[in-house]
There are 4 protein chains.
Amino acid sequence: MTRRNEASRQAILTAAFDLVGEIGYSKLSVEGIASRAGVGKQTIYRWWPSKGAVLLDALLMTMGGPVGDLPDTGDLEADLRTILFATVEEFRDPRLDGVMRALISEIAHDDGLAAIYAERIDGPVRELKRRRLRAAQQAGQLDPGLDLDTAVDLLWAPLLSRWLLRTGPLDHDFAAATITMALSGMSRKM
Amino acid sequence: MTRRNEASRQAILTAAFDLVGEIGYSKLSVEGIASRAGVGKQTIYRWWPSKGAVLLDALLMTMGGPVGDLPDTGDLEADLRTILFATVEEFRDPRLDGVMRALISEIAHDDGLAAIYAERIDGPVRELKRRRLRAAQQAGQLDPGLDLDTAVDLLWAPLLSRWLLRTGPLDHDFAAATITMALSGMSRKM
Amino acid sequence: MTRRNEASRQAILTAAFDLVGEIGYSKLSVEGIASRAGVGKQTIYRWWPSKGAVLLDALLMTMGGPVGDLPDTGDLEADLRTILFATVEEFRDPRLDGVMRALISEIAHDDGLAAIYAERIDGPVRELKRRRLRAAQQAGQLDPGLDLDTAVDLLWAPLLSRWLLRTGPLDHDFAAATITMALSGMSRKM
Amino acid sequence: MTRRNEASRQAILTAAFDLVGEIGYSKLSVEGIASRAGVGKQTIYRWWPSKGAVLLDALLMTMGGPVGDLPDTGDLEADLRTILFATVEEFRDPRLDGVMRALISEIAHDDGLAAIYAERIDGPVRELKRRRLRAAQQAGQLDPGLDLDTAVDLLWAPLLSRWLLRTGPLDHDFAAATITMALSGMSRKM
DNA sequence: TAATAAACGAGACGGTACGTCTCGTCTTACA
DNA sequence: TGTAAGACGAGACGTACCGTCTCGTTTATTA
């Protein structure tokens, strides 16, 4: 049985989230989080293995509870636009941008964190995406032989890539073009 | 005219590249690079603004001169397999994996570095990819209305995503599936 | 009326005494004592005001009950040798050396502890020494005008000084020389 | 050859000396010294092995250069009074009391420090004391067979003991009584 | 023979300081 | 005069303990 102080936990996550937005991940320090949260450093080290883990929890906290199903109006392309446009907006939200970049960087180096990310964040969200595509598949709108995990990456990875590397504009046009191209294919239509 | 010591420059870049492979980016320090290179710290600070910039130069050095054109046998799908399979191998090369992850992380946070990356690395490579797709377009194999930059992202971003986030296996099968899906589209063929 | 757990008290004093011998006073911690004694920290803080007080009690415990009178064979010089030789042996006992050094240091800084030490340890022992000297005085062996407290210091302080500061060898020869010199005086005998 | 910054050295020693007087040794911290001196912690750790070593150097600094010879008017007892009264005053000087207690405590635990103390402080001072006694010996005032090191301890150790342990008043009377008793001896004069 | 109240073990908490590490700047000696 | 070597002020790292503060869990009277 844990006697963990919930108020401290909240304060730490909030402080971490706020600080990363204010000063950026590279300037973020455990000492800074502890000080801002009014908490001893050991209380952070007691419950989290790394700065990245704190941040991941902070993100989970602000993302709130389990997200509901993705929209399904029967029109796959329209629904994908709705969804990907929202993703674009998330990426462009300055409050989230910093935290997510920081988290992605940590995940890139830390296998343990990557596993937690895969299980707690990517997994559930990916399942929702797969579910929406599976529905379309069953409705006869998508190729029945499609590997849905690859399909998810085909649709979302381009957004991630542009956001992370800034190799081009990340806007609704780009999202729409990605959807169209992914659905119809790049090959010449006869 | 700079009185820059070319031998020191080489030693620094080599040391940086080797060290990042041995101890990882997070343990990499300017002191370590200077010590390994037999160079004063000031010599590094004099010529590079940041650890990331050194690493980027190191990467540019080892990647050697300008890469030649991508293969064009006339069979677009086969050529894309050749190219993306090679990309997969690069991502899986342990010598490159660490450096590239480090660089991507730095780019994610550092706009200046992102600009250099865009200009010196992504730009030239992307131009080669665009050129190969344009040839296919002109040969009537790709939709003439296609935005080639989006097309490049549709093909390569899924690889980047799986490599960086480890959200699924990164192998030739995945690359092949991506190519097929991107070319033919996800929608049901009547 | 206290419901104090005597077993815990014993365990704490024993643990403190043992630990100070093993790791030294500076490494000694309340946490360490509590852990070794299988006791909660609060149980220590409940009954002792400081680490030094625990140690002083530990010393009192191991030194056992009230010491009997000092030997009085009628031959003052011989008796002083017996007594001071025993003191030298105590100082050189490795089991006691550490604890006593620690205690002396604490006393040097902590007035409260100094008072307890004066009352519980130095007082009774000094009284015994005074008593032996007073007997010699009454037997006409010592100068009747002698201040006995000063005399006690003249005899014992040199041992303390050599032991504490290691400014010279602490052995029976030194003790014997001190006794002779103190009894006869340093001045030239005509 | 060192490139040591003399200004920093001075600032550290001064800060250490001042702080120990203000807050006492037990509250004295390396961080505090560094902060007060406007110096990085590493600069302290670079040049001193311990807090005690800093303090010892601080004491050496304030005690200034090599002390001149002790007074020799030909009247040994009067000279000893002059000298021991001055020692009593030093012990009672609040500016020195704290530093010296701290140092003595450290020396009691740290063999290395004890060696430095013996060589740099006790040695030279003891030599001066020995020299004065030797002069008296040659003048026929002291017993020719006297071991001068023991004699020094007989005279000074009682002061040290009373100062350190507070087992009795430390004043000129006590010093005078010690001198008289040490010179004439405790035994009954016929 | 309960009930009740303290002392207990355990250990989380907000803190301070530790001694180490690296940062980016500044200084010195050499070649 | 530029370079290696490295000292410097700064400050974060992760650890160890501090002394305080709950938590349930013994004990051991008191009602």
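Chain identifiers are assigned alphabetically (A, B, ...) following the order of the sequence lines, protein sequences preceding nucleic acid strands; residue numbering begins at 1 within each chain.
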Quiz item: Just checking, B/R9 and B/W47: is the charged tip under 6.0 Å from the six-membered ring centre and within 45° of the axis?
Solution: no
Quiz prompt | Selection from F/dC8, E/dC13, E/dA7 that lies nearest to any side-chain heavy atom of C/W47 | solution = E/dA7
Quiz item: Which whole-number value in Å describes the distance from C/Q10 CD to E/dA7 P?
Solution: 19 Å
Quiz item: Near B/R36 CZ, under 6.0 Å, is it more than 12 heavy atoms from other residues, nucleotides or ligands?
Solution: yes
Quiz item: Considering residues, nucleotides and ligands other than D/R4, do more than 12 of their heavy atoms fall under 6.0 Å from its CZ?
Solution: yes
Self-check item: Distance test, side-chain N/O of C/S8 to OP1/OP2 of E/dG9, below 4.0 Å
Solution: yes
Quiz item: Closer to the 5' end of DNA chain E via nearest nucleotide, is it A/T43 or C/R4?
Solution: C/R4
Self-check item: d(CD1, A/I33; P, F/dA12) in whole Å
Solution: 12 Å
Quiz prompt | Whether over 12 other heavy atoms sit under 6.0 Å from D/E6 CD | solution = yes
Quiz prompt | Spacing of C/R36 atom CZ relative to F/dC17 atom P, expressed in whole Å | solution = 13 Å
Quiz item: For D/E6 and B/R46, take the nucleotide of DNA chain F holding the closest heavy atom to each; which residue's nucleotide lies nearer the 5' end?
Solution: B/R46
Self-check item: Nearest-Å distance for atom pair CG/C1', residues A/L19 and F/dA12
Solution: 14 Å
Quiz item: Does some side-chain heavy atom of D/Y117 sit less than 4.5 Å from a side-chain heavy atom of D/D110?
Solution: no
Quiz item: Could you write nucleotides 17-24 of chain E as a row of B, S and -, 5' to 3', where a protein heavy atom under 4.0 Å of any base atom gives B, of only sugar-phosphate atoms gives S, and otherwise -?
Solution: BBBBBSBB
Exercise. Could you give me the CA-CA distance, side-chain angles and deciding distance for C/S26 and D/H109, then say whether side-chain hydrogen bond (donor to acceptor under 3.5 Å, both in side chains) is met?
Key: CA-CA 8 Å; C/S26 65; D/H109 298 299; over 6 Å; no
Quiz item: Within the distance-only criterion (no hydrogens, no angle test), does the side chain of A/R101 pair as donor or acceptor with the backbone N or O of A/W163 below 3.5 angstrom?
Solution: yes
Quiz prompt | Closest nucleotide among F/dG6, F/dC8, E/dA10 to the D/R3 side chain | solution = F/dG6
Practice problem: Let me know the distance between CD1 of A/I44 and P of F/dG14, rounded to the nearest Å. | Solution: 11 Å
Practice problem: Write down the distance between CD1 (C/I23) and P (F/dA16), rounded to a whole number of angstrom. | Solution: 13 Å
